[in-house]
> 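Attaching a single structure in structure tokens format; questions to follow.
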Amino acid sequence: YNDQFVLKFFRRIFADKNPDYEMRRFLTEVKDFKNTPAYQGSINIIDADKDYVTIALLQKLVPNQGDAWDYMLKELHQVFLNLDAKHISVGALPIVDRFEGTEVQNVGPEIIDWVGLNLFQKVVLMATRTAEMHIVLGSEFEDNSFTPNHFNGDYEVWLKNRLIYQFQNRINTIENNMHKLEGMALELAQEFLEKKNIIRKKIANFDWTKLKGERIRVHGDYHLGQILVTDDDFFILDYEGEPESTIRDRKVKQPPLKDVAGLFRSFHYAIYATVFNNSESYQRSQSELFEAAEVLYSYLTSVFLEEYTKVVQNANLNIGYHQERVFILKYCLLEKAVYEIGYELNSRPRWALIPLKGISNIINH
């Protein structure tokens, strides 16, 4: 409307306030968070049971250049073209532990020469905005629906029940779709089935008594497509939560690193999508491109993690001690990749390689 507002109608209606309505209102009206389109109003029905049913949300229009997914695909295509243009030897590139943060100034010159400083600076800014969103979401001490909570037994039971059910479902999906897979995707699917007991054990290995960090309301469906790119900044959109989840599950407080894991899986997707979509443009074998993809992924996530951790800790948001952070991040990455397998096998089996590779990275790390 008038190049100033966007009225967003929800396709799925719940007998409850939509999380996007709750979160947007809290972030911009209560806490004045600048990096999301500001809440302007909403259409709600109050039903016979006095439940709020959110129909639509009015928000400020943010002039933008599209979303971060398209932005990253363009940038990453150039990164892969640089392999040939700069005669880069992939096997000679230094590698980094993606679960240990790396300052941009400590990224080796060979990597900066290949990837370019600009992309790393954008990843740092994305990390800053993500951290600021979580700091705001963890800063409420009066409204119970937004006050931080610690881990407890109820959360552990809820999490494990949900994940073990989903994991079993994905095993069945893979077994029924093996005929659609080939090459590395088939090898990784076979590894997944061979190591299913190890993966199940990792899911069951969630012990809340060892965790000291806080749970807060999180975005819940955080990926590059939910981030708008402006001239020199990022704005975060769509706080509805995970599409497959019930309205109640979407409002459960989670470790903030769950959102970070969602974005990391999105980085992984963007890198592999670039390889799949442009393979004829690159003069390298698929295996060498995949090797470069993993090196690139580890640097993007490591640089993001360093900045994100620094910003949240400076604001005293408790995301746990170092080992705890690594455990939660791996756990959430595993959860996200298991979730993704179902979608890929049902709609584009060739891309099942991406979540399967993500799972393989975690179980073999």
Side-chain angles (χ1 to χ4, degrees), residues 19 23-24 26-28 30-36 68 96-107 120-143 145-152 155 159 206 208 210-224 226-227 233-237 239 241 252-267 298-333 335-336:
M23 297 274 278
R24 196 71 62 95
F26 175 78
L27 285 165
T28 63
V30 179
K31 298 291 182 179
D32 199 28
F33 177 58
K34 296 280 188 263
N35 285 82
T36 191
V96 69
D97 184 339
R98 63 183 60 117
F99 297 105
E100 298 289 335
T102 306
E103 297 261 6
V104 173
Q105 55 266 36
N106 295 335
V107 174
F120 284 119
Q121 287 171 333
K122 284 287 194 279
V123 166
V124 165
L125 181 60
M126 215 179 279
T128 305
R129 296 295 175 246
T130 305
E132 288 167 350
M133 170 181 73
H134 287 152
I135 289 161
V136 169
L137 289 169
S139 68
E140 178 60 28
F141 300 101
E142 289 176 18
D143 180 348
S145 55
F146 284 97
T147 50
N149 291 144
H150 288 288
F151 291 95
N152 58 26
Y155 177 78
L159 184 71
F206 190 96
W208 75 270
K210 293 182 179 162
L211 304 175
K212 307 293 179 229
E214 291 175 322
R215 295 183 294 123
I216 60 172
R217 286 289 290 271
V218 296
H219 185 287
D221 187 30
Y222 198 45
H223 55 77
L224 290 164
Q226 309 283 40
I227 301 173
D233 212 344
F234 294 113
F235 281 73
I236 300 165
L237 303 172
Y239 296 82
V252 171
K253 288 165 191 167
Q254 304 268 20
L257 287 166
K258 184 180 170 79
D259 281 344
V260 174
L263 198 54
F264 283 5
R265 292 296 312 134
S266 198
F267 284 170
S298 63
Y299 275 96
L300 295 184
T301 54
S302 183
V303 164
F304 184 103
L305 198 56
E306 176 68 23
E307 178 67 13
Y308 174 84
T309 306
K310 191 169 67 186
V311 175
V312 294
Q313 288 184 330
N314 284 346
N316 295 319
L317 177 63
N318 184 357
I319 56 169
Y321 53 93
H322 176 72
Q323 273 175 292
E324 176 179 340
R325 294 197 300 271
V326 172
F327 170 76
I328 288 175
L329 194 50
K330 284 184 178 178
Y331 196 93
C332 293
L333 283 165
E335 175 190 355
K336 198 77 184 161

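Position 1 is the first residue of the sequence, and the numbers go up from there. Everything numeric here is computed off the predicted structure, so don't read it as measured data.
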> Report the distance from atom OH of Y222 to atom CD1 of I236, rounding to the nearest 0.5 Å.
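The OH atom of Y222 sits 3.5 Å away from the CD1 atom of I236.
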
> Output, in order, the C-alpha distance, side-chain angles, deciding distance and verdict of side-chain hydrogen bond (donor to acceptor under 3.5 Å, both in side chains) for E307 and T128.
CA-CA 7 Å; E307 178 67 13; T128 305; 3.1 Å; yes

> Where do L329 and F264 land on the side chain to side chain contact (heavy atoms under 4.5 Å, CB included) test, with the steps shown first?
CA-CA 10 Å; L329 194 50; F264 283 5; 4.0 Å; yes

> Just by modelled atom types, is the D221 backbone N or O under 3.5 Å from a matching donor or acceptor in the Q226 side chain?
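Flag set: sc Q226 to bb D221 pair under 3.5 Å.
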
> Can you give me the closest heavy-atom contact between I216 and P148, atom names plus distance?
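The pair with the smallest heavy-atom distance is CG2-CB, 4.0 Å.
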
> Which heavy atom of R217 sits nearest to which heavy atom of L137, and what is that distance?
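In this case the closest contact between R217 and L137 is O-CD1, 3.2 Å.
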
> Does T147 use its side chain to pair, donor to acceptor, with the backbone of F141 at less than 3.5 Å?
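Flag not set: sc T147 to bb F141 has no pair under 3.5 Å.
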
> Rounded to the nearest 0.5 Å, what separation is found between the CD atom of E140 and the OG atom of S145?
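Rounded to the nearest 0.5 Å, the CD-OG separation comes out at 8.0 Å.
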
> Between the main-chain N or O of V107 and the side-chain N or O of T102, is there a donor-acceptor pair closer than 3.5 Å?
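Between the backbone of V107 and the side chain of T102 there is no qualifying donor-acceptor contact (under 3.5 Å).
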
> Check whether T301 reaches the backbone of S298 with its side chain - one donor and one acceptor, N or O, closer than 3.5 Å.
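Pair found, side chain donor or acceptor close to backbone of S298.
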
> In this structure, is the centre-to-centre distance between the rings of Y155 and H150 below 6.0 Å?
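Between Y155 and H150, which both carry aromatic rings, the centre distance is not below 6.0 Å.
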
> If every non-hydrogen atom of L224 is compared with every non-hydrogen atom of S266, which pair is closest and at what distance?
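For L224 and S266, the tightest heavy-atom pair comes out as N-OG, 3.0 Å.
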
> Taking salt bridge (Lys or Arg N to Asp or Glu O under 4.0 Å) as the cut-off, I'd like each qualifying pair that reaches into residues 253-266, sequence neighbours left out, listed once.
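Non-adjacent pairs meeting salt bridge (Lys or Arg N to Asp or Glu O under 4.0 Å): K258-E335, R265-E340.
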
> Which heavy-atom pair separates V312 from A131 by the least distance, and what is that distance?
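Smallest heavy-atom distance, with atoms named: CG1-CB, 3.6 Å.
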
> Can you classify the ring geometry of F327 versus F206 as parallel (below 30°), tilted (30 to 60°) or perpendicular (above 60°)?
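Tilted: the ring planes of F327 and F206 meet at 30° to 60°.
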
> Assess whether side chain to side chain contact (heavy atoms under 4.5 Å, CB included) is satisfied between N106 and E103, documenting all intermediate values.
CA-CA 5 Å; N106 295 335; E103 297 261 6; 3.6 Å; yes

> Take Y331 and K336, measure what side chain to side chain contact (heavy atoms under 4.5 Å, CB included) needs, and give me the verdict at the end.
CA-CA 9 Å; Y331 196 93; K336 198 77 184 161; over 6 Å; no

> So, taking the atom named CE in M133 and the one named OG1 in T36, what distance separates them when rounded to the nearest 0.5 Å?
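Between M133 CE and T36 OG1, I get 9.0 Å after rounding to 0.5 Å.
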
> Can you name the closest pair of heavy atoms from H219 and L237 and give their distance?
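In this case the closest contact between H219 and L237 is NE2-O, 2.6 Å.
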
> State the CG-CZ distance between L305 and F99, to the nearest 0.5 angstrom.
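Separation between the atoms: 9.0 Å.
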
> For M23 and F146, work out which heavy atoms get closest and say how close.
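Shortest heavy-atom separation between M23 and F146 comes out as SD-CE2, 3.7 Å.
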
> Counting neighbours of CD on Q105 that are heavy atoms of other residues, nucleotides or ligands and sit closer than 6.0 Å, is the number greater than 12?
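Check passes, neighbour count above 12.
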
> Salt bridge (Lys or Arg N to Asp or Glu O under 4.0 Å): which pairs involve residues 125-135, sequence neighbours left out?
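Passing the test, one end in residues 125-135: R129-E132, R129-D233.
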
> Using 0.5 Å steps for rounding, measure from the CD1 atom of I319 to the CZ atom of R215.
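It comes to 16.0 Å.
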
> Which distance, rounded to the nearest 0.5 Å, do you find between the NE2 of H134 and the OG of S139?
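So the gap between those two atoms works out to 12.5 Å.
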
> I'd like to know if the side chain of E324 reaches the main chain of G213, judged simply by a donor and an acceptor atom lying under 3.5 Å from each other, with no hydrogens or angles considered.
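Yes; at least one donor-acceptor contact below 3.5 Å.
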
> Do any N or O atoms from the side chain of R325 and from the backbone of G320 form a donor-acceptor pair under 3.5 angstrom?
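Answer holds: yes.
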
